[in-house]
Structure formats: C-alpha cells, structure tokens
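Side chains included, hydrogens not; waters and symmetry mates left out as well; all remaining heavy atoms used. Counting starts at 1 for both ligands and their atoms, following the listed order.
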Amino acid sequence: MRIYYLTFPLFLLAFLSSCKTVENEHQPSLKTSLKGKFLMGVAVNDAQTSEQDTAGLRLIKQHFNAVAAENCMKSEVIHPEENRYDFTRSDRFVAFGEKYKMAITGHTLIWHSQLSPWFCVDKEGKNVSREVLIERMKNHIHTVVGRYKGRIQGWDVVNEAFEDDGSYRKTKFYEILGEDYIPLAFQFAHEADPNAELYYNDYSMAHKGRRDAVVRMVTQLKAKGIRIDAVGMQGHMQMDFPVAKEFEKSLLAFANTGVQVMITEIDMTILPTSKQNIGADVGTNFEYKKEMNPYPDALPDSVAQAWNTRMEEFFNLFLKHSDKISRVTVWGVTDADSWRNDWPIRGRKDYPLLFDRNHQPKPIVEAILKSVNKNN
Ligand code: G3I
C-alpha cells in the first residue's frame, strides 16, 4: 500500500507529460503542414535566440523549421572594426538554430546598408583602392563564413544590388569595384564553405527592371561557373504593391534561370505611406504625423480582413509554385517584433506579420493550413 502511495504520483506525472507531448504533436503547425512543399522560416532577434522571449520561442518551435538572422550577422554588428570581429550574437543565433534543428540562413555578407563604417574607406574617409576593397571583402567573407562552415545551410551573399529600373545601386562596392563585386563575393563565400548554398536577395522584385537585372546577373554568374543556388525575393509588401501577377512573373523568370526561389522577409504593412512602391530601403524616412498612424489601438475588422485576404493570395501563389520554392520566410514572429513599426516613420503601430501582439495566429494561419490540406 505504501509503495502504491509513493508510485502513484509518479505514474500521474508520467501520464500528464505524455498527454502534453501528444497534444503538442496535434497542434496545428505551419512547418508540419508545409512539409514536402517548402521550408517555413522566420527571422529571429536577440530576445528570441537568448530564449528570453518565451512566448515567441513557443511559436518558433511550433511553426517554423528555418531561421534567418534578422540583424546579428550584418557587418556593423559582426565586424565593427577592421581588426575586430564580434561573434557574441551570431554564435548564439547559430547555436539556437542547431538546438531546434532549423535550417539556418546567414544574413547577410555584402550589403551597402548597416555596413561597418570602415569597410570601404581609409582613415581620411576616402574610398580605398580596388585591391584593398577586394582584400577586405575576402577577409570578411572568409572569416564569417569560415567560422560557421558546415553549420549554416546557406548565405545571403549579396543583398539589394539593384534599383527598381534595373540599374546597379550606386553603393561604395559598386563605385570602387563596378559590377565585379558580385561575382567576387560569391566566389569568396564558396571558397570559405564549398557546401553552403549561396543566395542573392533583394526587394521590390516584381518590378520588371529588377526582374531583368537579376535574371541577367544570375545568368552571368552561371556562365562564369560561379555557384548561386537561389534568388531570395524579399516580401516586404504594401496593400497596393506588388501586384501578384507581376510577382509571379519574376518568380517564374528566376526559376527559369535554373536556381531555386526563396520568398524571404515577408511582411505586409497596413499603414499608409506617402509614396507608392516604397520598397524596403532603411534609409527612407518620413516625419511622424498622427494621421499616418491610423490604428494605434487595434485594427478594424474590415481592414484586418482585407489584410488576411491579400496575404492569402500570396501564400496561394507560393503553394501553386512550391516546386520552384525551397523556403518561405516571414520577417519576424509577431507584429510587436516587426521593423515596420518604425519604418519609414518611427513610432507607429503596424500589423504586418502572421501572429498578433498576443501571440495569437491571425486567420491567415488557418487559411494556409486549409489550402495545404485542400491541395494534398
Ligand atoms: O539595437 C539598437 C538599440 O540598442 C537602440 O536603442 C535602437 C534605437 O534606434 O536601435 C537598435 O538597433 C536597431 C536594430 O534594427 C535592432 O532593432 C536599428 O536602429 C535599426 O536600424 C535596425 O533595423 C533593422 C534594419 O534591417 C536595418 O539593419 C531591422 O531590425 C531589420 O528588420 C531590417 O531588415 C532588413 C534586412 O536585413 C534586409 N532587407 C530589408 C529589411 C528591412 O529593412
């Protein structure tokens, strides 16, 4: 009898914890439903990789099987001075991805924005020579990619190299090296980790100019025998841009070059902007005005519905072309995490992601799960 009293609580505990496992397995999950279609990814921040954001972590574990570094691998963070790297945050990010068995994307190696101030200039602030910049790019890429060799599935090697009209963005890299900086970056990344996948990643890809320019660039890289595995189409959207048909044209054009397509950085702002097709250039900023922040408390139902309907249109497009798409990544877990709350106007309240500020799924999540089941 005494043994019974001692062991019963243990049995009860074991029973309850097994119920919990079963319950978790049966919880609706984007990553589980989308298995065989594409990876379902999310950009993570420091609060999540350090596991302080426990509610965010629960959603990440439940719904996602791929992670991208939202900020911790950008050159100003990881390589703040020429002779000093800081891997504190990136090491934590990679360990986090491994712990939860996620496909890990390194973001991003060569980007004009959030670029360490020393990278392209000398002590007087003048552009360095071609030779010096090539050497700096090589050191940066070899060191960063080399550190995580074999642990990162793929890298956003070059980010945002074109303008809407397809001309090269006039970055310091372009000013000093011309278009050569792109093949050089891919070559250095491949040298540092020959098994890592390599991506080109850009926004506003529904513009014909960017579409044609990216197709040309991928074709040229391939002709030179340089590895490129995928084109990342950033999904920073507005309610009136992009037009799904134009986005689809770009998706097909990229796939036709023989690379995979990744839909990266998805978010869709509901807030007004003073400019159509605003893109995602962090440098674009406008002054705060009350009328530009129309939903400081909550989103009216009709507006939320319009948002869900439009987001569903895009997810249906991704499902339609899932044979060409290897990963779909949202740019943050909940609305509260999104950079959109502060861009292009600081201090607004936006509603751009799949989960709300209470960590609840929006109707779009249910809609995606239903669409997948219907098509299976
Ligand atoms: O960490 C500092 C904090 O200490 C400081 O108090 C605060 C005050 O401004 O700034 C914090 O840094 C901010 C950082 O995000 C972390 O929240 C930077 O100001 C802010 O500029 C930075 O914005 C990031 C932006 O890239 C620029 O790097 C966004 O979080 C990030 O979502 C966004 O992501 C980019 C992709 O990398 C490339 N494609 C476009 C996309 C959106 O801009």
Fit a plane to each ring of H236 and W331, take the angle between them on a 0 to 90° scale, and name the class: parallel (under 30°), tilted (30 to 60°) or perpendicular (over 60°). perpendicular

Please confirm whether W111 comes under 4.0 Å of ligand 1, counting heavy atoms of the residue only. yes

Among all the protein's non-hydrogen atoms, which is closest to atom 34 (O) of ligand 1, and how far away is it? W331 NE1, 3.1 Å

If you count the non-hydrogen atoms of other residues, nucleotides and ligands that lie under 6.0 Å from NZ in K170, is the total more than 12? yes

Do you see a protein non-hydrogen atom under 4.0 Å from atom 27 (C) of ligand 1? yes

Measure from atom 36 (C) of ligand 1 to the protein's non-hydrogen atoms and state whether any distance is below 4.0 Å. yes

Crowding at CD, Q305 (>12 non-hydrogen neighbours, <6.0 Å): no

Going by heavy-atom distance to atom 25 (C) of ligand 1, choose the closest among K74, H107, E70, E265. K74

When you look at E248 and H321, which way does the side chain to side chain donor-acceptor pair (under 3.5 Å) test go after all the steps? CA-CA 9 Å; E248 184 177 29; H321 295 299; 2.7 Å; yes

Would you call the rings of Y85 and H79 parallel, tilted or perpendicular, where under 30° means parallel and over 60° means perpendicular? parallel

Might you confirm whether atom CG of D301 has over 12 heavy atoms from other residues, nucleotides or ligands at distances under 6.0 Å? no

Is atom 19 (O) of ligand 1 near the protein, in the sense that some protein heavy atom lies at less than 4.0 Å from it? no

Minimum heavy-atom distance F318-F38, with the two atoms named: O-CE2, 3.7 Å

Which residue owns the protein heavy atom closest to atom 15 (O) of ligand 1, what's the atom, and how far is it? N71 ND2, 3.6 Å

Ligand 1 atoms in contact with Q234 (distance to a heavy atom under 4.0 Å): 39 (N), 40 (C)

For atom 30 (O) of ligand 1, is there a protein heavy atom at a distance under 4.0 Å? yes

Does atom 1 (O) of ligand 1 have any protein heavy atom closer than 4.0 Å? no

Below 4.0 angstrom, counting only protein heavy atoms, does anything approach atom 4 (O) of ligand 1? no

Minimum heavy-atom distance between L133 and C120, given as atom pair plus value: CD1-SG, 3.9 Å

Please find out if less than 6.0 Å separates the ring center of F119 from that of F173. yes

Atom 12 (O) of ligand 1: any protein heavy atom closer than 4.0 Å: no

Cation-pi geometry met for R210 and Y203 (6.0 Å, 45°): yes

Quick one: nearest non-hydrogen protein atom to atom 43 (O) of ligand 1, plus distance? W339 CZ3, 3.2 Å

Any protein heavy-atom neighbour for atom 40 (C) of ligand 1 (distance below 4.0 angstrom)? yes

Tell me, which protein residue and heavy-atom name are nearest atom 9 (O) of ligand 1, and how many Å apart are they? R346 NH2, 3.4 Å

Check each atom of ligand 1 against the heavy atoms of N159 and keep those under 4.0 Å away; list them by number with element. 38 (C)

If you count the atoms of ligand 1 from 1 in the order shown, which ones are under 4.0 Å from a heavy atom of Q114? 27 (C), 28 (O)

Give the minimum heavy-atom separation between S250 and M205, together with the two atoms involved. OG-O, 2.6 Å

